[in-house]
2 protein chains.
Amino acid sequence: MTLDREQVLRSAAALLTRKSTATMDEVAKAAGIGRATLHRHFAGRDALVKALESLGIQEFEAALDAARLDEGTSEEGLRRLIAAVEPSAGLLSFLVNENQLFEGDEVNEGWDRADARVSAFFRRGQERGEFRIDLTPAWLTEALYGLVGTGAWSIQAGRVAAQDFQYMIVELLLGGARRSVEQ
Amino acid sequence: MTLDREQVLRSAAALLTRKSTATMDEVAKAAGIGRATLHRHFAGRDALVKALESLGIQEFEAALDAARLDEGTSEEGLRRLIAAVEPSAGLLSFLVNENQLFEGDEVNEGWDRADARVSAFFRRGQERGEFRIDLTPAWLTEALYGLVGTGAWSIQAGRVAAQDFQYMIVELLLGGARRSVEQ
DNA sequence: CTCATGTGAGACATTTTCGTCTCATCGAAG
DNA sequence: CTTCGATGAGACGAAAATGTCTCACATGAG
């Protein structure tokens with residue numbers, strides 16, 4: 001009977017991604033549990049969002065670890081990262097658009113830490129001559145987040161096939177839409 | 001004294017993008033007007049969001065017109081589109097992440113219409129051999145939205161320079177991050 | 001079986017937000 | 001100056017959401 005905390009968080013993220021103004025009652029119903037039970041595990045809406053944030057950061061950092069970004073070429077590292085991040089894409093999509101909820105007070109250093117790792121990865125790729133240098137690492141980092149979020153959203157909306165997630169994101173991020181001579 | 005309806009909508013979009021659960025009072029304060037005045041112009045939160053949606057679609061369709069997507073190469077058309085869309089990026093960024101607020105009932109055919117135009121543009125580019133055919137028009141359309149939203153967000157957060165908006169988006173969308181031989 | 005634990009449903013008071021209202025004020029037009 | 005229209009501030013009740021509580025029930029352990 002013990003409730004699956006992580007499962008609750010995932011369905012909450014899925015709902016809040018679609019409807020950010022959802023009620024605690026709606027969140028509970030979406031998770032298939034009672035409002036009282038939801039309250040027993042998360043003191044309130046803020047606590048719920050913080051838990052979502054913690055879970056998202058934890059999973060993202062785990063994905064960064066699993067991707068072994070410093071092994072092989074940058075392209076290989078990026079492909080591994082996108083693959084590792086796919087299961088968390090929905091959750092991350094929510095957090096990317098909601099991480100401003102706690103205004104100013106605590107920016108969550110975990111997010112900064114992950115940001116720094118991704119940014120450093122792109123910078124390293126530039127120094128190696130594998131990534132273009134006219135796009136800043138900061139922008140490439142943001143674009144990566146944006147495309148992962150967009151990908152998750154597009155799949156959920158049924159506009160693109162779920163199996164294409166990794167391919168679409170990696171290919172667009174690496175090669176863009178232009179048809180080049182080498183293809 | 002007559003209140004600038006559009007200005008109110010813009011500041012509302014800016015606030016709601018950051019904090020989607022903002023109250024009507026916060027929206028009013030952000031716009032520098034009283035809550036009563038806000039209510040005189042928009043019956044309620046739903047009416048406000050619908051007005052935002054209408055304005056966003058109107059501006060996006062105007063941008064599509066201004067971009068003359070069928071003139072010149074696809075790349076030129078895309079550059080014109082991004083340039084034309086820049087002033088509305090903040091508003092569009094909000095709508096992209098909130099267009100699911102009216103669940104199921106009315107998907108707003110204006111949005112579908114705009115979607116179809118963008119999608120057709122990418123398809124045309126593919127038929128001309130200017131865009132790769134292994135990325136679907138639907139995905140390219142979504143990616144365009146995502147990158148525009150991410151660009152607006154990144155600039156607002158101060159992570160990238162405002163003057164780079166067009167360049168960053170167009171270059172990434174067209175050429176990707178990979179450093180190719182021709183560069 | 002008996003018990004302990006965790007749960008769902010719902011009641012309840014409190015808090016927040018909403019929608020409407022009044023009234024004083026400001027500024028422009030006449 | 002006077003009038004008119006729009007606004008800001010705030011009061012007010014209604015509605016919604018929240019947080020806490022009780023209680024019956026189900027499940028698993030002993």
Side-chain angles (χ1 to χ4, degrees), chain A residues 1-56 91 94-95 97-106 108, chain B residues 1-56 91 94-95 97-106 108:
Chain A
M1 179 160 288
T2 303
L3 140 157
D4 186 343
R5 178 186 170 95
E6 192 173 310
Q7 177 53 34
V8 172
L9 286 175
R10 289 198 185 283
S11 59
L15 173 61
L16 290 173
T17 299
R18 294 195 310 273
K19 187 181 176 185
S20 51
T21 58
T23 307
M24 293 292 278
D25 191 59
E26 293 175 295
V27 172
K29 278 192 170 50
I33 64 176
R35 194 167 66 97
T37 304
L38 179 62
H39 247 284
R40 285 187 191 103
H41 291 268
F42 306 100
R45 192 194 192 74
D46 285 4
L48 177 65
V49 175
K50 289 209 179 192
L52 283 170
E53 203 170 18
S54 296
L55 177 63
L91 177 56
F94 165 72
L95 293 177
N97 299 331
E98 205 74 5
N99 60 358
Q100 66 297 347
L101 200 133
F102 308 108
E103 302 179 322
D105 48 355
E106 39 176 319
N108 202 321
Chain B
M1 178 162 292
T2 302
L3 143 155
D4 186 344
R5 178 185 170 97
E6 193 172 308
Q7 175 55 34
V8 171
L9 285 175
R10 289 198 183 283
S11 59
L15 173 62
L16 290 173
T17 299
R18 293 195 309 273
K19 187 181 178 186
S20 51
T21 59
T23 65
M24 293 293 278
D25 190 59
E26 292 175 298
V27 172
K29 280 194 168 50
I33 64 177
R35 193 168 66 98
T37 304
L38 179 61
H39 244 284
R40 284 187 191 103
H41 291 269
F42 306 100
R45 193 194 190 74
D46 284 4
L48 177 65
V49 175
K50 290 210 179 192
L52 283 170
E53 204 171 17
S54 296
L55 178 63
L91 177 56
F94 165 72
L95 293 177
N97 298 331
E98 206 72 9
N99 61 357
Q100 67 295 351
L101 202 131
F102 308 107
E103 303 179 323
D105 48 354
E106 37 174 326
N108 203 320

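Below, read A as the first sequence line, B as the second, and so on, with proteins coming before strands; counting in each chain starts at 1.
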**Those residues that, when tested against A/E26, pass side-chain hydrogen bond (donor to acceptor under 3.5 Å, both in side chains) (two or more places apart)** = A/K19, A/T23
**Prompt:** When every nucleotide of nucleotides 16-25 of chain D is labelled 5' to 3' by its protein contacts under 4.0 Å (heavy atoms), B for base, S for sugar-phosphate only, - for none, what sequence of letters results?
**Reply:** -SBBBBB---
**Spatial distance of atom CE (B/M24) from atom CG (B/L38) [nearest 0.5 Å]** = 4.5 Å
**Prompt:** About how many Å separate CZ of A/R10 and CG of A/L52, when rounded to the nearest 0.5 Å?
**Reply:** 10.0 Å
**Asked** Pairing of DNA chain C as dot-bracket, 5' to 3': ( ) intra-strand, [ ] crossing, | other strand, . unpaired, with Watson-Crick or G-U pairs under 3.5 Å?
**Response** ||||||||||||||||||||||||||||||
**Request:** List for me each residue that meets side chain to side chain contact (heavy atoms under 4.5 Å, CB included) alongside A/A51, sequence neighbours excluded, and say none if there are none.
**Result:** A/R5, A/L9, A/F42
**side chain to side chain contact (heavy atoms under 4.5 Å, CB included) involving A/A31 - partner list, sequence neighbours excluded** = A/V8, A/S11, A/I33
**Message:** Using OP1 and OP2 only, check whether a side-chain N or O of B/H41 sits under 4.0 Å from D/dA6.
**Reply:** no
**Asked** In Å, rounded to the nearest 0.5 Å, how long is the span from OG1 of B/T37 to NE2 of B/H41?
**Response** 6.5 Å
**Request:** For B/F42 and C/dC18, give me the distance from atom CZ to atom P, rounded to whole Å.
**Result:** 15 Å
**Message:** Is there a side-chain contact between A/T37 and the phosphate of C/dG8, meaning an N or O under 4.0 Å from OP1 or OP2?
**Reply:** yes
**Prompt:** What is the distance from NZ of A/K29 to C1' of C/dT7, rounded to the nearest Å?
**Reply:** 15 Å
**Message:** Does this structure show an ion pair linking A/K50 with A/D46, if we count only N-O contacts that are shorter than 4.0 Å?
**Reply:** no
**Asked** Among all residues two or more places apart in sequence or in another chain, which pass the side-chain hydrogen bond (donor to acceptor under 3.5 Å, both in side chains) test with A/R35?
**Response** none
